[in-house]
Structure formats: structure tokens, C-alpha cells
Q: 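Dumping the structure here so I can ask a few things about it.
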Amino acid sequence: MEGDMVVTRFAPSPTGHLHIGGARTALFNWLFARKHNGKFILRIEDTDRQRSKEEYVKDIIEALKWLGLLWDEGPIFQSQRLDYYNSIVERLLKEGKAYYCHCDPEELEKKRKEAIARGEKPRYDRRCRDLGLGPAPGAVVRIKAPLTGTTQFKDIIKGVITVNNEDLDDIIIMRSDGTPTFHLAVVADDIDMGVNYVIRGDDHLMNTPKQIIIYQALGEPIPNYAHIPLILGPDRTRLSKRHGAMPVLAYRDMGYLPQAIINALARLGWSYGNQERFTVQELIEKFSLERVGKSASIFDAEKLLDLNGWHIRNSSDDYLAKELIPFIKKLGIEDVTEEDTRKLVPILKKRSKTLVEMAEKSLFYFGMDVEYEKEADEKFLTPDVLDLLIDLRNRLNELSEFSEKALEELFIKFLDDHKIKLKEIAQPIRVALTGKTVSPGLFEVMQALGKEKVIYRLNRAIEHIRSKK
RNA sequence: GGUCCCAUCGUCUAGUGGUUAGGAUACCGGCCUCUCACGCCGGCGGCAUGGGUUCGAAUCCCAUUGGGACCGCCA
């Protein structure tokens, strides 16, 4: 081991998009490494050439980068380390810890099915174990698992796990095509890279004894294990492509902030007293494996939405102004600038739970004309407010500075002169300026729009009402 | 079927023998108010079941039930 330095890794196989479950495993590894000033390695487990796809490698890397889960080493591709795995298997063979097996795979498969049908444990009968066979076409290499005793390890989250070695199998560590299997590659790599904390989904809990046997055969110390509970779909079954396993990047496109995703994922299985909302920095400071729960959880999209709203509210205007631009462009406003979004963000950040929502709410700002919602038009743009709107237009026309304070003062006088309350005229003004009955505060809207647009839109509303007579 | 893991409001969770079982979200009501949000206040709602241990159990033990994972030349 490399002294006391914590070394963790995230080791996805590129057979699908990075989804919530994988992202959380990556997050816990990353947080733990950061917390302890350790090293976080990204390793791509692509020994299955059939199912591994380049596009998924790209997706995983892009998603991790977007989330800000940056690695200190890698990405390391297992497919490029075949020689290394070979040397490990070679060594095991030489030391009599592993052996060639010439059994016919189809026959084995048949036996397995029969065993299951009989209600027995399907397991290799170890027929080749002591035959001293050599390499041959179609031969695989199996590990010699201990026949008696127990294999035990202390999991940081699950506690002591004990299995009887009788229940273990002589698993294949090298396929007939010379490529290593998952278990061999994982152990060989973790040893080579100095990984001393294996933090992974608890679907690997039962794989751990098998891997420990490989460590033991190699005479290497086993790492610390932390098997984190799985994230389940709404139907309480394992998250998969079919239900609810949305790619992480889909959340980006839906207007979620990476900080919010991180916050939500961290609180899935991990807790810190009654605190629900965390910045990434706080998570690094407060994270610990001891506070990870044992039971599986369901990902709650509602809670993520709430958290996203909070992170938006607590993000800087500058940051949001930048992030918002592509979402507004997506709505067809091609020439939106940061100057525009800087005006919009402060008045929209308290009322938006996603950037998509914020973009939609921004629409009132663009262009000169607004389209009146039918009901809003009928209810509020009525002849009885005509004189008020005309007077307001005249007064605003006199105003040189469209600051919130100046506008407010102007309104106080305007309302006073007409002996009315803001409540009575607010909605007609709102509809005139935005076309809608719902918008940010009137003064905020006017300030953002600026004098030219405000006067223009008031004039247009005035004409529109006149045309109704 | 075997092995292993898990079990507190719908959901995420706090809780480690003595609490009116707390918080968050969602939902409902109210306040604030130029609409909508934000914010604040209140409400609804939970210890899977049965046995033990104990003066006392959400908490410890056992069983049952339920859920999950693994049992591949997938990872």
C-alpha cells in the first residue's frame, strides 16, 4: 500500500449510459478520496469487448466531468492491460493456485441447469482441479478456491460478512480467448493501482469473497470494503434502463444543476443529522462512510426538483446567467446575450426550479410585442382601466431612470392621485407588459424591460383596449 | 432452490433501552403579498408481524413475512 494515502476508484463498464446509481457510486468514491486528501482513479472495465461501446465511454466521461467528479488518475482501460493480467494468471498457475480446465462449456451449462432443476447449488464439479492439465484450445483457467473453512471480511457499511468456503466455486479467471474475467481484472488492477478502499454497490457483496480468494492466492492484503446500498426504481427493483434509470446527462438537459444532483445523490443513503441541503464543499467536509445507511432507497425526483430550486436560489447571478443562455436559445431566441440573462436571473432565480423553467419564464423579456393569453386579455385588458393605463404611460414617459426605487416612487404618487390600491391595477399592467397573469414583480419586470419596451407595450395595450370598444 | 444483505410517515431519513418517535419532500390549510414564487406558521402521515430479554424496546435476540443481491468464458 502507498503509506496511509486513501486510494479509491470508480470502475464502470461502458455497457450503458452513466445513470443515477453509477453516479452515486462515483460520488461516494470521490467524496471519500477528497475528504481524506486521497486519490480517485477512473478505470474503464471494458474486458467484455462485445458489450463495451466507445460511445458509452464518452458518455461516462462527459457525465463525470459535468458533475465535477474529476479523477486524479485515468481513465485506465482494462482492455489495454491484457499482458499484465496474463502475467498474474501465469503466476497463479505456476504457484499451483490456479489450473487449466478443459471442460466443455455446453456440458457445464447443461449440468448447471440440471442442478438448479434439482434444487441444488449450481457449481463446477472441479473435475479438472487436480489433473495438472496444460493450455489447450478452448481451455479456461480457474482459481483453486479453498474447500473448507470460511472466508470473512469486515465491510465498513454492512459489518462482518462470513461465507462458508464450501459454497464457493472455482471461478474462471481467464477465458478461453485469453482475456481475464471481471474478478481477476478487478483484483489485479486494484492491487496494481494501490486501491485500498473499494466502495461499490452492494450488488457486489457476494462477489467479494470470490475476489478475496484471489487476493489470498496472490498473497496480497485485502482492501477495505464499503458496499453501499443500491438505488432502486419506483417499483423497488433494481434500477435498469427499463425503469427510471435516466442517463445523468439527461438531467443536465432538463435544466438541473450538477450541484443539485450531487446533493440529492449524497443524501440517498448518506445522512448528516437533519441537514438536507449541502454545497459540494460541505459534502467533502462532512462525508463519512460510517454514516451511510444499510438499506436500499428509491430515487425521488420530487426531492431533486426542490433541491435544484434551492441550488439555483443559492447560485451566483453570474454563474446562472451563463448557464441559462443555451436553454433560452433552445426556445428559439438565438441572439440572447449574457447582458440579457444578467437582467433576468435576479428576478427569476427565486421562482424557478430548473433552468428550463427559468428559460420559459424569460420569454416575456424578448422581442417588442407580447402575445396576450386569451383569458388574461378578456379579464384584465378592459375599457375601465384605459384611462389609468394612459396616465401611467404618460408618467412613465417622463421618468428618466427606470430603477426599482424610482418606479416605486412614481407608483406611490400615481396610486395616490387616483385613490386606488396597487392590487386593483397590477394585473392589467402585468398583462399589458407580459401578456400573462403570472410574472415576476411589476417593478422588477419594468426595470428588466427598460423604458422603451415598457412604453411600447403599454401603448400597444392601450390601442388594443381601444379597438375593443 | 442455495447463500448473503435489508426493513421508521408515500419517498429520503434522524434515532443506537426511557423521545408527545424528530427533520426533509410531497400534499392540505394559513400568513406575507401587485400575480406567481420565495419565506414563515400549522396540519395530515410511520417504527412490517409474532414471540422473547428487560422495570422499560423503534432500538437487543429469535422466528415469520416482505424486498433486494449474487449463484455466467457479463460486469
Side-chain angles (χ1 to χ4, degrees), chain A residues 11-15 45-48 50-52 78 101 105 108-109 112 115-123 138-142 155 157-159 161-164 166-169 171-177 179-183 185-186 201-210 227 229-230 232 234 236-238 264 267-277 291 293-307 309-310 313 347-353 361 376 380 411 415 421-431 434 436-443 445:
Chain A
S13 63
T15 54
E45 308 218 324
D46 57 349
T47 52
D48 182 358
Q50 302 298 316
R51 298 200 304 148
S52 296
Q78 289 190 325
C101 168
L108 255 26
E109 181 60 28
R112 184 179 5 260
I116 292 172
R118 280 197 306 269
E120 288 170 18
K121 183 177 175 59
R123 193 173 50 190
V140 298
V141 177
R142 290 180 184 273
D155 189 89
I157 294 164
K158 305 279 184 182
I161 306 291
T162 308
V163 295
N164 287 321
E166 294 168 32
D167 296 325
L168 261 25
D169 208 351
I171 58 162
I172 293 172
I173 56 176
M174 182 161 282
R175 292 185 271 258
S176 54
D177 66 359
T179 59
T181 59
F182 164 69
H183 294 293
V186 165
D202 73 10
D203 50 335
H204 286 298
L205 198 63
M206 287 297 99
N207 286 331
T208 306
K210 301 174 198 169
H227 286 91
L230 256 23
L232 271 22
R236 281 219 160 266
T237 64
R238 189 180 174 163
R267 277 293 286 104
L268 221 48
W270 175 83
S271 63
Y272 191 81
N274 275 341
Q275 187 173 351
E276 299 285 344
R277 295 161 171 180
R291 294 212 56 88
K294 291 179 171 186
S295 53
S297 47
I298 297 170
F299 183 65
D300 185 3
E302 293 288 351
K303 200 142 182 177
L304 171 64
L305 194 60
D306 174 73
L307 239 20
W310 184 82
R313 269 173 265 141
I347 66 175
L348 257 22
K349 66 195 285 192
K350 277 195 166 50
R351 358 174 97 79
S352 309
K353 292 194 188 251
K361 288 188 156 83
F380 295 111
F411 262 79
L415 296 171
K421 298 232 185 283
L422 180 55
K423 202 184 209 89
E424 301 167 56
I425 191 67
Q427 286 301 73
I429 298 172
R430 188 184 314 282
V431 176
T434 70
K436 297 175 166 53
T437 54
V438 175
S439 84
L442 277 184
F443 304 134
V445 166

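In the text below, chain A, chain B and the rest are named by the order of the sequence lines, each starting its count at 1.
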Q: Which value, in whole Å, describes the distance between the P atoms of nucleotides B/C9 and B/G46?
A: 9 Å
Q: Between A/I161 and A/T208, is any pair of side-chain heavy atoms under 4.5 Å apart?
A: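 A side-chain contact under 4.5 Å is absent here.
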Q: Could you grab the distance from atom CH2 of A/W270 to atom CD1 of A/I157, nearest 0.5 Å is fine?
A: 13.0 Å
Q: Figure out the CZ/P separation between A/F299 and B/A24, and round it to whole Å.
A: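 In whole Å, B/A24 P and A/F299 CZ are 20 Å from each other.
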Q: Among A/K361, A/R430, A/R351, whose side-chain hydrogen bond (donor to acceptor under 3.5 Å, both in side chains) with A/S439 holds?
A: A/R430
Q: From CG of A/L305 over to P of B/C12, roughly how many Å is that when rounded to an integer?
A: 18 Å
Q: With a 4.5 Å cut-off on side-chain heavy atoms, are A/S295 and A/P229 touching?
A: no
Q: Between A/P209 and A/L168, what is the shortest heavy-atom contact and its length?
A: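 For A/P209 and A/L168, the tightest heavy-atom pair comes out as CB-CD1, 4.4 Å.
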Q: Distance check needed: B/U25 P versus A/L307 CG, whole Å only.
A: 9 Å
Q: Searching all strands shown, indicate the nucleotide that pairs with B/G2 (Watson-Crick or G-U wobble; both distances under 3.5 Å).
A: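 When the pairing criteria are applied, B/C70 turns out to be the nucleotide that pairs with B/G2.
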Q: Between A/D306 and A/G269, which is nearer to the 5' end of RNA chain B once each is assigned its nearest nucleotide?
A: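 Result: A/G269.
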Q: Can you check the distance between B/G23 and B/A14, where both ends of the measurement are the P atom (answer in whole Å)?
A: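 Rounded to whole Å, the distance is 15 Å.
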Q: With a 3.5 Å limit on both atom pairs, tell me what B/U35 is paired to, counting Watson-Crick and G-U wobble, or say none.
A: none
Q: May I ask which nucleotide in the shown strands pairs with B/C55, Watson-Crick or G-U wobble, both distances under 3.5 Å?
A: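 The answer is B/G18, by the H-bond criterion.
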Q: Is there a side-chain contact between A/L415 and A/L422, using heavy atoms and a 4.5 Å cut-off?
A: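 Side chain of A/L415 against side chain of A/L422, heavy atoms only: contact under 4.5 Å found.
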Q: Quickly work out the A/D300 CG to B/G10 C1' distance and round it to whole Å.
A: 9 Å
Q: How far does the C1' atom of B/U11 sit from the matching atom of B/C27, given to the nearest Å?
A: 12 Å
Q: Can you confirm whether A/C101 sits close enough to A/I172 that some side-chain heavy atom of one is under 4.5 Å from a side-chain heavy atom of the other?
A: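 The answer is no, as the side chains (C-beta and beyond) never meet within the 4.5 Å cut-off.
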Q: Hey, does A/L268 reach any base, or is it just sugar-phosphate, or nothing, if we go heavy atoms under 4.0 Å?
A: sugar-phosphate
Q: Take atom NZ of A/K421 and atom P of B/U35, then tell me their distance rounded to the nearest Å.
A: 13 Å
Q: Side chain of A/K303, base of B/C12: donor and acceptor closer than 3.5 Å?
A: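 A donor-acceptor contact between them is present.
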Q: Using atom C1' of each nucleotide, how far apart are B/U16 and B/G67 to the nearest Å?
A: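 Taking atom C1' in both B/U16 and B/G67, they lie 24 Å apart.
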Q: Sugar-phosphate atoms are those with a prime plus P, OP1 and OP2; base atoms are the rest. Using that split, label each nucleotide of nucleotides 69-75 of chain B B, S or - for protein heavy atoms under 4.0 Å, 5' to 3'.
A: SSSSBBB
Q: Without decimals, in angstroms, what is the distance between A/L304 CG and B/A26 C1'?
A: 14 Å
Q: Do A/T181 and A/I171 make a side-chain contact, defined as non-hydrogen atoms from C-beta onward lying under 4.5 Å apart?
A: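 Of all side-chain heavy-atom pairs linking A/I171 with A/T181, none is under 4.5 Å.
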Q: Output one line per pair: protein atom, nucleotide atom from nucleotides 30-33 of chain B, and distance, for all N/O pairs under 3.5 Å.
A:
none

Q: In whole angstrom, what separates A/E276's CD from B/C12's P?
A: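 In whole Å, B/C12 P lies 12 Å from A/E276 CD.
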Q: How does protein reach along nucleotides 36-45 of chain B, written 5' to 3' as B (base within reach of a heavy atom under 4.0 Å), S (only sugar-phosphate), or - (no contact)?
A: BSSS------
Q: So A/L307 and A/R267, do their side chains get closer than 4.5 Å, heavy atoms only?
A: no
Q: Under a 3.5 Å cut-off for both contacts, is B/A7 paired Watson-Crick or G-U wobble with anything, and if yes, with which nucleotide?
A: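 Partner of B/A7: B/U65.
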Q: Take atom P in B/A7 and the same atom in B/A48, then report the distance between them in whole Å.
A: 10 Å
Q: Could you give the CG-to-C1' distance, from A/L232 to B/C12, as a whole number of Å?
A: 13 Å
Q: Of A/S271 and A/V163, whose nearest nucleotide on RNA chain B comes first from the 5' end?
A: A/V163
Q: Now, which nucleotide makes the Watson-Crick or G-U wobble pair with B/G42, with each of the two distances under 3.5 Å?
A: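 Pair assignment: B/G42 / B/C28.
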Q: When rounded to the nearest 0.5 angstrom, what distance separates CG in A/L304 from CD in A/E302?
A: 10.0 Å
Q: If you look at every strand shown and take non-hydrogen atoms under 4.0 Å, does A/L442 touch a base, only sugar-phosphate, or nothing?
A: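 Here A/L442 touches the bases of the nucleic acid.
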Q: Of the non-hydrogen atoms in A/S297 and A/G269, which two are nearest, and what is the gap between them?
A: OG-N, 4.4 Å
Q: Within the structure, does a side-chain N or O atom of A/S297 lie under 4.0 Å from either OP1 or OP2 of B/U13?
A: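 Answer yes for this pair, as a side-chain N or O of A/S297 is under 4.0 Å from OP1 or OP2.
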Q: Enumerate all atom pairs, one protein N or O and one N or O from nucleotides 63-65 of chain B, separated by less than 3.5 Å.
A:
none

Q: Compare side-chain N and O positions of A/R291 against OP1 and OP2 of B/U16 and report whether any pair is under 4.0 Å apart.
A: no
Q: Do you know which two heavy atoms are closest between A/Q78 and A/A185, and how far apart they sit?
A: NE2-CB, 3.5 Å
Q: Starting at OG1 of A/T15, measure out to CD of A/E45 and round the result to the nearest 0.5 Å.
A: 10.5 Å
Q: Mind checking the NZ-CG spacing from A/K158 to A/D202? Nearest 0.5 Å is all I need.
A: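 Here the interatomic distance stands at 4.0 Å.
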Q: How far does the C1' atom of B/G45 sit from the matching atom of B/U20, given to the nearest Å?
A: 16 Å
Q: Set out, in order, the CA-CA distance, both residues' side-chain angles and the distance that settles side-chain contact (heavy atoms from CB on, under 4.5 Å) for A/H204 and A/F182, then state yes or no.
A: CA-CA 12 Å; A/H204 286 298; A/F182 164 69; 3.5 Å; yes
Q: How would you list, by chain and number, every residue that makes a side chain to side chain contact (heavy atoms under 4.5 Å, CB included) with A/I347, sequence neighbours excluded?
A: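 A/F364, A/P440, A/E444, A/A448.
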Q: Side-chain donor or acceptor of A/N274 under 3.5 Å from a matching atom on the base of B/G22?
A: yes
Q: Which value, in whole Å, describes the distance between the C1' atoms of nucleotides B/C70 and B/C62?
A: 26 Å
Q: If I pick the P atom on B/G66 and the same atom on B/G50, what distance separates them, to the nearest angstrom?
A: 16 Å
Q: For A/H183, give me all partners under ring-ring contact (aromatic ring centres under 6.0 Å, His included), at least two apart in sequence or on another chain.
A: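 So A/H183 forms no ring-ring contact (aromatic ring centres under 6.0 Å, His included) with any residue.
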